[in-house]
Amino acid sequence: MKPKQRQSKIIDLMARDGEATVEALAAAFDVSAETIRRDLAQLAADGALQKVHGGARRLRLHAEGSFQERMNEDAEAKAAIGRKLAAVIEPGDTLFIDTGTTTLACAAELARVGGLTVITNSLRIARVLGEGEGRARVFLLGGSFSADNAQTVGPLVLEQIARFQADHAVLAVAALDAAAGALDADFDEAQVARAMSDRAGSTIVVAQTAKLGRKAAFRVCQLDAIDMLICESLPDAGFRAALETARVEIR
């Protein structure tokens with residue numbers, strides 16, 4: 001069995017049983033304890049489980065509600081983040097923007113910035129920016145349509161992202177963890193965000209401070225791959241120290 005296959009099955013065992021010892025996993029997969037320790041170290045680094053002495057346990061991961069439910073959460077904080085982002089973005093910049101209620105709030109502020117070129121998988125963001133005061137040039141990525149989030153996802157979206165290069169990738173996340181990095185609660189959305197980050201000169205994560213310290217199932221990127229974090233207020237001292245170590249600019 002290949003390591004990735006074994007690690008996937010370990011995650012399934014964690015989901016079913018909650019926790020397991022190194023010895024039990026080694027016996028279950030007929031491999032050495034050292035091999036299992038390497039698997040657990042990799043899975044913990046990916047934010048998929050929590051390593052504990054002698055084994056691992058399932059993470060309590062953050063799950064998101066519907067888009068409309070999230071729209072009603074932290075509206076003032078999202079608006080403040082949008083204003084901070086608009087002060088950073090220069091007229092004429094090219095931006096990737098992924099789907100999210102925070103990025104939608106940011107789009108409302110960016111709509112007044114002139115001459116932007118925007119590549120997005122969000123129908124709502126495309127409309128806000130395309131019809132806004134700044135009349136951004138908008139490229140809407142096509143793919144499998146997800147109605148709740150009014151977004152496109154999947155292989156076609158990823159292929160199209162590879163055709164662009166942007167000054168900044170503006171990304172919303174479900175969670176931000178000092179060890180695991182930026183995380184999403186949806187597999188397809190995490191893939192889109194990761195692809196956008198890879199094709200941008202800088203990665204800007206927009207997130208309410210309530211999301212800091214949370215964990216979610218799917219990694220977007222490590223903390224040191226983020227160039228700027230924009231929150232409505234400063235993170236606490238401990239998280240701020242982790243960001244400074246990773247050389248993340250805080251706004």
Side-chain angles (χ1 to χ4, degrees), residues 42 45-48 62 64 81-82 84-86 88-90 93-107 110 116-122 125-126 129 136 138-143 146 149 151-208 211-212 214-231 235 239 242-251:
Q42 182 62 56
D46 289 342
H62 177 71
E64 293 187 317
I81 291 167
K84 287 186 177 184
L85 175 65
V88 169
I89 299 303
E90 298 286 344
D93 277 352
T94 297
L95 311 175
F96 284 119
I97 307 180
D98 73 348
T99 303
T101 57
T102 306
T103 43
L104 181 57
C106 289
L110 292 174
L116 296 180
T117 298
V118 174
I119 306 105
T120 185
N121 67 322
S122 165
I125 289 172
L129 286 163
V138 178
F139 292 87
L140 181 60
L141 300 164
S146 173
N149 287 351
Q151 67 176 343
T152 54
V153 293
L156 290 174
V157 173
L158 302 181
E159 289 173 14
Q160 291 166 67
I161 289 171
R163 302 177 190 176
F164 294 92
Q165 189 72 37
D167 297 301
H168 310 287
V170 179
L171 307 178
V173 296
L176 200 65
D177 177 73
L183 305 158
D184 211 307
D186 181 274
F187 174 77
D188 288 320
E189 291 182 10
Q191 284 196 311
V192 169
R194 191 181 306 118
M196 288 180 171
S197 177
D198 288 345
R199 299 291 295 177
S202 76
T203 295
I204 301 174
V205 169
V206 290
Q208 305 94 278
K211 294 183 177 181
L212 308 187
R214 285 181 183 170
K215 291 183 184 290
F218 306 102
R219 172 180 284 160
V220 174
C221 64
Q222 293 276 16
L223 212 61
D224 61 7
I226 301 169
D227 295 283
M228 182 182 295
L229 172 66
I230 301 180
C231 299
F239 207 95
L243 292 167
E244 289 168 356
T245 298
R247 298 187 178 181
V248 180
E249 183 179 351
I250 308 165
R251 292 290 180 109

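For the single chain, residues carry numbers from 1 onward in sequence order.
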Chi angles and distances behind the side chain to side chain donor-acceptor pair (under 3.5 Å) call for Gln208, Thr102
CA-CA 8 Å; Gln208 305 94 278; Thr102 306; 2.9 Å; yes
Contact summary for Ala185 and Ala174, nearest pair of heavy atoms:
N-CB, 3.6 Å
With sequence neighbours excluded, tell me which residues meet salt bridge (charged side-chain N to carboxylate O under 4.0 Å, His left out) with Asp167.
none
Name the residue from Asp227, Thr203, Val192 that meets the side chain to side chain contact (heavy atoms under 4.5 Å, CB included) definition with Ser197.
Thr203
May I have the list of side-chain donor-acceptor pairs in residues 153-163 shorter than 3.5 Å, sequence neighbours left out?
unit_1, atom_1, unit_2, atom_2, d
Gln160, OE1, Gly142, N, 3.1
Gln160, NE2, Gly142, O, 2.6
Gln160, NE2, Leu156, O, 2.9

Quick check: closest heavy atoms across Ile226 and Leu229, and the distance to 0.1 Å?
CG2-N, 4.4 Å
Phe96 and Thr120, any side-chain heavy atoms less than 4.5 Å apart
no
Taking the side chain as C-beta and beyond, is there a heavy-atom pair between Thr103 and Ile125 under 4.5 Å?
yes
Check Asp98, Ile97, Asn149 against Asn121 for a side chain to side chain contact (heavy atoms under 4.5 Å, CB included) and give me the one that passes.
Asp98
All pairs passing side chain to side chain donor-acceptor pair (under 3.5 Å) where residues 242-251 contributes a residue, at least two apart
Glu249-Arg251
Taking the side chain as every heavy atom from C-beta outward, state whether Val205 and Val220 have any atom pair closer than 4.5 Å.
no
So Arg214 and Asp177, side chain to side chain contact (heavy atoms under 4.5 Å, CB included) or not? Walk me through it.
CA-CA 6 Å; Arg214 285 181 183 170; Asp177 177 73; over 6 Å; no
